[in-house]
Each structure stands twice: as structure tokens, then as C-alpha cells.
There are 2 protein chains.
Amino acid sequence: MKLSAQEEYGLRCLLQLARAQTTGESLTLSQIAGQEGISSANAGKLMWILSKAGLVQSTRGTKGGYTLARLSSEIHLNQVIRVLEGEPAESHCKSYAGVLDACIHTGDCGIRPVIVELHQIVDNALAEITLSQLLGTEANVDAALHQIHGVKRSDTPSMGA
Amino acid sequence: MKLSAQEEYGLRCLLQLARAQTTGESLTLSQIAGQEGISSANAGKLMWILSKAGLVQSTRGTKGGYTLARLSSEIHLNQVIRVLEGEPAESHCKSYAGVLDACIHTGDCGIRPVIVELHQIVDNALAEITLSQLLGTEANVDAALHQIHGVKRSDTPSMGA
DNA sequence: TGCAATCTTGACTTAAAAGTAAGGTATGAC
DNA sequence: GTCATACCTTACTTTTAAGTCAAGATTGCA
């Protein structure tokens, strides 16, 4: 129940692009990798995943680089995490379903729906945060966090109780 | 942002013990492993982690086995997940902190507090669910399946298989 | 046209998690 | 006291995820 390294790095790369979007720049792999302290090869892999999913746009050749495919205010964290987990941004069938694809108890073991619901809670929380909210000042971060809390309290799990 | 295999199996093993608690039984490793379809060695590893953390009690020798250390209504999922992630059940210092311990941007990168807070949300959600509530969910699922599909689960007290 | 910058893609290497094996140790029954 | 049962613990193997490398493809510029 943690963010994987890939998820965290991917988020950070997107945050860089969101920052660059405000000035209209595009960023090269080496720029992105340099700021995150990871190799260009690794950053390239992440950006390829993100661009394949339609979250970023790439331009080849000299003066090429990466930009966000949409406004940073239109990119929600649940899409990002889903993509970085290896699922397409639109689909929601397998995402957040846990590592064990098949339940040996044919779906009626009781814990499965709870796990799915649990992941849904996480998804809802992430869906309320956009890249633009992550940008800039501590005030923005605080605003995002307060919004999370509001969502969490109004969207309490309805299991068992 | 998924449950690891270890987390999911550990939860399932605890659910078995919670079920056994209602009849005062204890379960041996081979019983637990058999029901989950995993090896006794693997189940033993999980149970050792859980007992070391004080969530289950073990009894050696003939007639030995495992029982919950507390009432199933007093064991919350956040404790379980934390333990299965490798952190002590009481502490909260490193748990849910993500894989990347240090942020190369010395804390001002904006994403770090959000990630920490995100994991806190998950923790809060998990803290509201107890093992006994999972048993209730299981019963609900059982009833729903019976009502909708006319399916009856094979052996009610012990799940499936 | 040719060169340099840059993304693209598949294969490879490395690190971490998951799972297995086996011997050790405590307990209860006889 | 002896033996069978069943947990305890460490070390090992397998599997999967993470990260790297290198060759290829595309674009802009001189």
C-alpha cells in the first residue's frame, strides 16, 4: 500500500512539466533526469509510458522535448498513478485490484470486495488533486490537502459497519 | 499504490483466525496455508511477522497453533498493513512514507508532503475497518450471492475450498 | 545532403521482493 | 523420559520490478 518508486518519480517528472507549462517551455530528457537525480534512460522510460498514455506530448529532433498534453489543471493524480501502474488511463477494470489477480475462493472470500473498495477510496482521493494544485507555494499544497480531508470525510467507506 | 501479495495474504490469514476466534479454536500452519493455497513455509513466515508484532499468539507443541492476540473487533487494518509492510504496529515514523526516503529537493519540491498526506489518508481509511467488520462483509456477500444467484457456499464456517 | 540533437524501443543487468527448504526448539501425550 | 507434533529461525532460490545500455528513428539546422 505504498507508492512505488516508479509512481513517485513519474509524478515528479510530471510536476516539472507542469511547472514548465506556465512558461511555455518544453523539457528534454536530460533536463528532467538531471532535476530528479535519475538517469536519462530511466526518465526516458517513464516519459514513454506517460506519453503512450496521452498525458505528455513528445517532440523529436533538435529543439525537441516533452510537454504536458493537457493543462496541468486537467490532469488528475488518479490518472497518473493508474498509468504508472501499467493500466491505460481510461480503463478501471484491473487497476487497484491488488497483486493477486485471481482469488482462489472464486470471488466470495469476503476480503476481495473490501480490497477493491479500499483502492476505490484511494482513487477518489487522488482524483481530487490536479498537477496544478501541486505547483508553487506551500499555500497551494495546503489547499490541496484540505480538499483531500474534505473528500475523505464525506466519502467514508460503507463496509460492515 | 497497491496491496502487495504479502499484505493481501497476511490479511487473509488474519481473517481465518478471526473466524476461528468465534468458536474458540486455534489454527495450525497447515490449516491456514491449506485454505489460502500457499505453502506452510510461506504462511509460517507471515504468521511469524504477525506474532512478532503482537497481532497473533502462537502455541508450540502438540495441540499448538495460532490465535488472534486480541478480539477481532479490536484489530484495525491499518495496524495489519503497517506490520506487513515491515514497520512495528505502534510506530508511524517511516510507514506510508513511500519508497524514496530522501527527497533530493530538500523538502521544497511540493510533492513530498502530498505523498505523506496521501498515505495518511489511506491509513485513516484502514483504521476505520476492523477484522470483525470484514467478517460481517463476508456474511453480507454470502447472503447476496445466495439471494441473487441461488449459490450456496460450500462450508460456511471455513471459507471455500 | 550531412550532421547533431533528441526521442523510441527492445534487450540486458541489477536489486528487491516473494517464496522455499531445512534444521532447531518448545510442548504435550504416553 | 521419549517421541511426535508444531512453531521458530535462518539461509537459500526463484521471481518480479527497477534501472541501464545501445542501436534505431526522426527532426532541425547549416
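In what follows, chains are A, B, ... by sequence order, proteins preceding strands, each numbered from 1. FYI, side chains are in, hydrogens and waters are out, and symmetry mates aren't considered; it's all heavy atoms of this structure.
Heavy atoms only, all atoms of each residue included: A/Gln31 and A/Gln16 are closest at O-OE1, 4.0 Å. Nearest heavy atoms, A/Ala18 versus A/Leu68: CA-CD1, 3.6 Å.
Spacing between atom CD1 of A/Ile49 and atom P of C/dT8 amounts to 12 Å, rounded to whole angstrom units. At whole-Å resolution of the value, NZ in A/Lys2 and P in D/dA17 are 17 Å apart. Counting to the nearest Å, the C1' atom of D/dT15 and the CD atom of B/Gln6 are 15 Å from each other. For B/Leu46 and C/dT20, the CG to C1' distance is 13 Å, given to the nearest whole Å. Spacing between atom OH of B/Tyr9 and atom C1' of C/dA17 amounts to 14 Å, rounded to whole angstrom units. The nearest whole Å value for the distance from the CD atom in A/Glu25 to the C1' atom in C/dT6 is 17 Å. Between A/Glu8 atom CD and D/dA17 atom C1' the separation is 16 Å, expressed in whole Å.
Counting only distance, with no hydrogens or angles, the side chain of A/Glu36 and the backbone of A/Ala33 share no donor-acceptor pair below 3.5 Å.
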Please list each protein N or O that sits under 3.5 Å from an N or O in nucleotides 6-13 of chain D, with the distance.
{"residue": "D/dA6", "atom": "O4'", "partner": "B/Gly61", "partner atom": "O", "Å": "3.3"}
{"residue": "D/dC7", "atom": "OP1", "partner": "B/Leu29", "partner atom": "N", "Å": "3.0"}
{"residue": "D/dC7", "atom": "OP2", "partner": "B/Leu29", "partner atom": "N", "Å": "3.4"}
{"residue": "D/dC8", "atom": "OP1", "partner": "B/Ser58", "partner atom": "OG", "Å": "2.4"}
{"residue": "D/dC8", "atom": "OP2", "partner": "B/Tyr66", "partner atom": "OH", "Å": "2.9"}
{"residue": "D/dC8", "atom": "O4'", "partner": "B/Arg60", "partner atom": "NH2", "Å": "2.8"}
{"residue": "D/dT9", "atom": "OP2", "partner": "B/Trp48", "partner atom": "NE1", "Å": "2.3"}

Just the atom pairs and distances: protein N or O near nucleotides 13-15 of chain C's N or O, under 3.5 Å.
none

For residues 38-48 of chain A, tabulate all N or O donor-acceptor pairs below 3.5 Å that involve a side-chain atom, not counting sequence neighbours.
{"residue": "A/Ser39", "atom": "OG", "partner": "A/Asn42", "partner atom": "N", "Å": "3.1"}

If you look only at distance, which donor and acceptor atoms sit under 3.5 Å apart when one is on a side chain in residues 53-63 of chain B and the other is two or more places apart or in another chain?
none

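Listed by chain and residue number, nothing satisfies the side chain to side chain donor-acceptor pair (under 3.5 Å) test with A/Glu74 (two or more places apart in sequence, or in another chain). Every residue was checked against the side chain to side chain donor-acceptor pair (under 3.5 Å) condition with B/Ser51, not counting sequence neighbours, and none meets it. With sequence neighbours excluded, the residues that form a side-chain contact (heavy atoms from CB on, under 4.5 Å) with A/Thr22 are A/Leu135. Take A/Ser26 and apply the side-chain contact (heavy atoms from CB on, under 4.5 Å) test, not counting sequence neighbours, and it matches A/Thr67.
When the side-chain nitrogen and oxygen atoms of B/Ser39 are compared with OP1 and OP2 of C/dA21, none of them lie within a distance under 4.0 Å.
Taking the side chain of A/Asn42 as heavy atoms from C-beta on, and the options D/dG19, C/dT20, C/dA18, the nearest nucleotide is D/dG19.
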